[in-house]
Asks: 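The structure is given below, and queries will be raised subsequently.
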Amino acid sequence: MMKERIQELLAQVNEMQAQSADELEALRIKYLSKKGEITSLFSEFRNVAADEKKDLGQQLNMLKNTAQQKIEELRAQFEAAKELQDKQDLTRTPDPVVLGSRHPLSLIREEIIDIFSRIGFTVEEGPEVEDDKHVFGMLNFAPEHPARDMQDTFFIEKQEGVQSPDDILLRTHTSSVQTRVMTTQKPPIRVLCPGRVYRNEAISARAHCFFHQVEGLYIDKNVSFADLRQTLLYFAKEMFGPDTKIRLRPSYFPFTEPSAEMDISCNICGGVGCSFCKGTGWVEILGCGMVDPNVLESCGIDSKEYTGYAFGLGVERITNLKYRVKDLRLFSENDVRFLSQFESC
Ligand code: PHE
C-alpha cells in the first residue's frame, strides 16, 4: 500500500510545474508542509512492519529529497527571471535604427523641385503611356518628324502606314504634361513637370532607353526671354553654386521659338577645361525657349494675349554633374554598393 503511494507521489513530484511563486508555495504546502502528503506518509511509516522498514524508509527519504530538490529548482528559475527583470534599464536608448539611402536621382529631382518651388512653381504629373496628340501633335511636331518614327519612339499601338493623333506610345518627354496643363488650366500657369521618359536607344554608359526629366512652363501676360534667362541663371546658381555662369546657344525645338540650349560653366574643372566638358569649360544642361504661338493656340490659349517660356532638363545629367557618376546604367541596376553611398534624407 505505502509502496504504491510513494511511487504515485514520486511521479507527481517529477511532473511538478509552477507559473508563479504563489503556485510554487502551494506545491510546497501540498507535499512538504506539516500536513503535507509526504510528511503524513512519514507518520504512517511508524506503523509499517519491521521487515519492510528498511526498504520503504529509503524510498520515502528519496521521495522527500526529490520533492525538496524540485521545489528548489523551480524557485531558482523564478529568482533568475526576476533578477533579469530588475536589471533591465528602461531609460536606455533603443538600438539606433539603420536608415536606408535615397536614390541619387530622387535626391536631385527633389532639389530641382525645391529650387523652382521657391519662385512659385508647382508640380504637375501626367501619364507615361500617352497618345501622339499630347506628345507630338499639339506641340507643333510636323507629321513627318523623325521622333514619330519607331526607331526613336516606343509605340504601343500604331496605325499601319499613317500617323494618327490617337497612336499610343511611351512619352519621349514630359512636355506632354505641359499640353495637358495648358488645355485644362487658365493662365497664369507656372508648373514643373517631373517624370520618367522613354526613347528607343541602345543602352550604353552614355544613353539609356529611359531617363528622367523635369520640365518647366510659365505662361502669363508679357513673359519675355529675359524672364527665362533670369530664372535659369537663378536655378544654375542655386544648384551649382553662386559662381556658376550660364550661356545660351541658339537651337531648335518644334514647340519653342526662339529656342536655345543652355550651358553652365563646368563645375568639375571650374571652367578651365577637363575631360567631362571636353576641354571647353562648358557643359550643356537643358533646352529651353519661348512657347511657340502654334502650341498656345492648339491648347486653347490666346497667343495675342499671352506669352510663355518652357525649359526641360535631364535629371541624370544634373546628377552626373553633382555626383560624377560616369555610367548611366548604375542608376537603374539597383546595386546597393552604389546606392548606399547616398544620403538618406
Ligand atoms: N522637351 C525637350 C526635350 O525633351 C526639352 C525642352 C523642353 C526644350 C522645353 C525646350 C523647352 O528634349
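Remember, it's 1-based here, ligands and their atoms both numbered in the order they're listed. FYI, the numbering just counts along the sequence from 1.
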Asks: Can we say Arg148 and Asp132 salt-bridge, meaning some charged N sits less than 4.0 Å from an Asp/Glu carboxylate O?
Replies: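 Salt bridge present between Arg148 and Asp132.
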Asks: Using 4.0 Å as the upper bound for N to carboxylate O, is an ion pair formed by Lys221 and Glu305?
Replies: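 Here Glu305 pairs with Lys221 in a salt bridge, since their nearest N and O are under 4.0 Å apart.
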Asks: Give me the pairs of N or O atoms, one from ligand 1 and one from the protein, that sit under 3.5 Å apart.
Replies:
unit_1	atom_1	unit_2	atom_2	d
ligand 1	1 (N)	His173	ND1	3.0
ligand 1	1 (N)	Ser175	OG	3.1
ligand 1	1 (N)	Glu215	OE2	2.8
ligand 1	4 (O)	Arg199	NH2	2.9
ligand 1	4 (O)	Gln213	NE2	2.8

Asks: Please determine, by modelled atom types, if Glu316 and His212 share a side-chain donor-acceptor pair under 3.5 angstrom.
Replies: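 Yes.
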Asks: Please check: side-chain N/O of Gln213 versus main-chain N/O of Thr174, any donor-acceptor pairing under 3.5 Å?
Replies: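 Judged by distance alone, yes, a pair lies under 3.5 Å.
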Asks: Whether Lys304 and Asp302 form a salt bridge (side-chain N of Lys/Arg under 4.0 Å from carboxylate O of Asp/Glu) is what I want to check.
Replies: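 No, no charged N to carboxylate O under 4.0 Å.
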Asks: Considering only residues two or more places apart or on different chains, which pairs with a residue in residues 289-325 satisfy ring-ring contact (aromatic ring centres under 6.0 Å, His included)?
Replies: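 Listed by first then second residue: Phe116-Phe311, Tyr218-Tyr309, Tyr323-Phe342.
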